[in-house]
Each structure stands twice: as structure tokens, then as C-alpha cells.
Amino acid sequence: MTTHHITFTINGAQEEALVTSHITLLAFLRERLGLTGTKNGCATGECGACTVLLDGEPVNACLVLAAEIDGADVITIEGLAHDGELEPLQQAFIDHTGTQCGFCTPGILISARALLNRNPDPTEDDIKDALRGNLCRCTGYQRIINAVQDAAKAGG
Amino acid sequence: MPAPTDVNIPAPSTLAMPSPGLPPFDYLCPDDPDEVVALLLQHGRSARLLMGGTDLFVQMRDGALAPRVVIDVKRLPGMRELSFDPADGLHVGAAVNMNALAAAPAVQQFYPLLAQAVASVASYQLRTRATMGGNLCNGSPAADTAPAALVLDAQCVVWGPDGERTIPANNFFLGVRKTALQPGEFLTRMEFPVPPTGYAGRYIKLGRNAGGDLAIVGVAVLGYPETSAASGYRFRFALASVAPTPIRVPEAEALLAEQPITSGLLSQAALAAEDAATPINDLRGSARYRKAMVRNLTRRALDDVWNQLQAEG
């Protein structure tokens, strides 16, 4: 087991920490930084509940080592709202009831945010492709798709 | 500057459900390829290479692997570089992530078959980390990028105790999770020659769902005009998930080169692919089902490629 000194930005703030080699980014976020919005679902990269942005691209935090984020920029669900204001994508999920139990919602919002960052005007198929790695067992997905389409139309 | 926080994780009791951990290991990030070779030779089977980690960490979590040393090679020089030269073809660093690979303009323009194969892997966020190099080195019979590598005649460039050597993709897969890599060797890049003029290709993956499950059957077909062939065309076939390794189907390739191409001959080629498949029964499908699907999907991919060739010719 090795120990690593890492420097990184988390939701815009510069931080540093000592981490042991086998700690995942998911465990680091939840148990060290207290950022429990990122959920622990399958822990095998299939459900997408732990999706965060790593240098602007979505990753499954359960399959990244904390030691690997040295020098990186990490955005979690806690980093989407600013100054107490939800971002348009989050508001669209509320307006469309794109959430039920809510467990998958942080990961879906992060995947959707990444999609709109790289493609501000996605088709329905683009949205389905982008959210393929995020499982939701409640909503049936249609309301989620509607919410992302609406947020895109509003320039979100 | 704030002091680094405590190394130890707080007691799990502070959370209702602690995140599942990986077994302990040493994490090493060498910056010299020869250091990697030395580490591989020193630690042997108790060392594992890390690029995207999308297969390694899942296997470690499942208890299938417990390496003492994990060697991160993705930051080595060239490992994340992609370049295209009209004379020399496409060079892809082993650690180029799959999203970057599929989005590269040269891949979209000249190797769309490769982009199709990559896009069929899992999900977007998994592909942010997953690499084609890792996909090949895992040696899984179901590797989605392997059939594309086979029909595109890719070359695997490896670094090892004797420096660099090149292994054709067609000789790279030796068995289930067994590749031609020797002790101390690791994959540094894949080289794809310039594809044949006027070629068309198609990869079809059958999974249990459209959501990126592992392949039950994967079929890649590539065809191109070739005046030296009696039929006027040559085809290449590769199959995934239906034999101990990804395989080419030379019988089908010979068939379509030797006589004028008719609908009946396309069916015979699909049958030859079925005959070449030696699948197993597993939770994703029975051997019998897999063989039938090889025939159907080979015919479907072949029809598509043939129609593309006719439209262009």
C-alpha cells in the first residue's frame, strides 16, 4: 500500500490531500470530503450513480483511484448549483418530474451536463446515447429525456 | 496552504453504507518505459498494468484479481497520442481513451468501422476511461474492438526487455485472457495501415440489451474492390465472443474471392462463418443460439457492406 499527495480542484476550490493507493475517487468524495451527493450504486461501472466530471468529461468515480486525480479538476453534483440558484438543467428535472426516488438523479444530471457542454442541441437519440450508462428504476426515462430537451432549448 | 488531511478514512459507521473498497496494492506511476519493463519482470503475475481501469478494478472488486502492484502506464510518452498520415495510416497510443478515439476526425473519415466498434462499448462515461489498448490486452473473446483490429490488419506495437517489436493483431490473441505479450512486455500503440481503396465496413454487436452489455456475438465485415480476385472483390471477416479468442474467418474470405458474387454465395459465406464459430454456453446465450446468430448477423453485415460497395462502384 502506498500513500500519495494529491492536489486537485473540487467544485472550483483548490484542495490537497494524502490518499492511500487503493481508495477510489467515489470513496474519497463521499467519506473524506463529505460530498455524498455522488452515489454508490453498483461499484462496477454499470449504473452511473457515481458519475462525476473529471477534467470536464464524465467518469464512473467507482472505477477511478483518488491517487489518479492529482492535478485534475473534479465537478460533482454539489458543484452544479451556484449562489443558491439551481442550474437550468436541475430546474428542468423539477419542472418535468424527472426524478422519483432520486438515487440516480445526481449521476444523470452530471451525464446530462456533460452532454449539453459538448452538444448544446442534442436529438432525442443523442440524449439516450449519453444517458445509456445511467440506470433509473423509477421514472421510465421519458420525463428525464423531456427535461434534458427542455433545458437544451432554454440554452441550459 | 492547508495541511494535507488525515490519511485514514473515517470509521464506516459515519455513513449508512460505506463505499466498497479495492484490496490494498502499491500504486506506481513510472515515467520511463524501461522502468515499467523492470517492474513487470520483478513482480511477474502479481503486477498489473493500469490504463482506464474499467476492467482491472471490476476484476479486483470481484476478487478475481489481487495484484500487489498496480503500474499506471497511461502517462508514459506517446501512450495518449493519436496521429494520422495519409501514407502511413493511423497510430493510436494504447492509452487513448475510447471517446477520444471515436471522435478523432481521421477515425470518423477513414476508419468508421473502428468508431462503430468503439461506440458499442458500454456507456459514454465508461468510454471516457476505457482504452482500446486495454480492451485488446485483456484478451477477452468478447472484446468489441478486436474484430475491427483484425479486419483492419492492425499491428500491435509493444515495448519490452529487447526494446520495441510489432505483433500483427491476427497473432495477438492466443486464448481466453491470453495474449502474445511476453514477460516484461506491454502494448504501447496500435498501428492501422491505410485501408484498401473504396472499402466498406460494418460492425454488428448483439447484446442482451442496447445498453452496452458484453457481446453475445460480434461480427465485423470489411470488403473492397480488388482486380486480382476472380470475383473482383476481397472481404475480411472477424467474429467476437464465439471462440476462445476473436477470430478471422479465412474460409468465408476465400469463398467470396474465388467466384462471382451472388446472393447465394453471400449466404454460403455466412454459413462458413457459422461453421468457424466454436462458442460456449454461458449466461449471455447458448452455443446453439450464438452459432445461429453468427450466420444471421454475418449475412446482415455482409449485405450492408455489399450494398455500400455496389453503390460506390
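All figures in this text were calculated on a predicted structure; none of them were measured in a lab. The basis for the numbers below is simple: all heavy atoms, side chains too, and nothing from hydrogens, waters or symmetry mates. Labels below follow one simple rule: chain letters A, B, ... track the order of the sequence lines, proteins then strands, and each chain is numbered from 1.
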When the 4.5 angstrom heavy-atom criterion is applied to A:S111 and chain B, the contacting part is side chain

Can you confirm whether B:R284 is buried at CZ, in the sense that more than 12 heavy atoms of other residues, nucleotides or ligands lie under 6.0 Å from that atom? yes

Distance col, row B:C29:SG vs A:H4:NE2, nearest 0.5 angstrom, shows 7.5 Å

dist B:L22:CG -> A:C62:SG (nearest 0.5 Å) comes out at 9.0 Å

Worksheet item: Hey, does B:R61 have a side-chain heavy atom less than 4.5 Å from the side chain of A:T24?
Response: yes

Assess whether atom CZ of A:R118 is packed by more than 12 heavy atoms of other residues, nucleotides or ligands within 6.0 Å.
-> yes

Query - side-chain contact (heavy atoms from CB on, under 4.5 Å) evaluation trace for B:R129 with A:N60 - result: CA-CA 9 Å; B:R129 295 271 297 168; A:N60 296 296; over 6 Å; no

The reported gap from OG1 in B:T128 to CG in A:L63 (rounded to nearest 0.5 angstrom) is 11.5 Å

The reported gap from CG in B:D55 to OG1 in A:T44 (rounded to nearest 0.5 angstrom) is 11.5 Å

Honestly, the part of A:E46 sitting under 4.5 Å from a heavy atom of chain B is neither

Query raised in the report: Counting only heavy atoms not in B:R48, do more than 12 fall under 6.0 Å of its CZ?
Result: no

The interface call for B:L56 against chain A, heavy-atom contacts under 4.5 Å, is neither

Applying a strict 4.5 Å limit to non-hydrogen atoms, the region of B:R75 in contact with chain A is side chain

Do A:H22 and B:V70 have side-chain heavy atoms sitting under 4.5 Å apart? no

Q) Under the side-chain contact (heavy atoms from CB on, under 4.5 Å) criterion, do B:Q125 and A:N134 qualify, and how do the steps go? A) CA-CA 9 Å; B:Q125 60 263 57; A:N134 293 87; 3.0 Å; yes

Okay, A:D70 and chain B: the region with an atom under 4.5 Å from a heavy atom over there is backbone

Does a sphere of radius 6.0 Å around CG in B:D32 hold more than 12 heavy atoms from other residues, nucleotides or ligands, not counting ones at 6.0 Å or beyond?
yes

When the 4.5 angstrom heavy-atom criterion is applied to A:C50 and chain B, the contacting part is neither

Test item: side-chain donor near acceptor, A:E57 and B:N97, under 3.5 Å = no

(message) Can you confirm whether B:Y27 sits close enough to A:M1 that some side-chain heavy atom of one is under 4.5 Å from a side-chain heavy atom of the other?
(response) no

Closest non-hydrogen contact found for B:S123 with A:G133 is CB-CA, 3.2 Å

In terms of heavy-atom pairs under 4.5 Å with chain B, the winner among A:L65, A:L54, A:D129 is A:L65

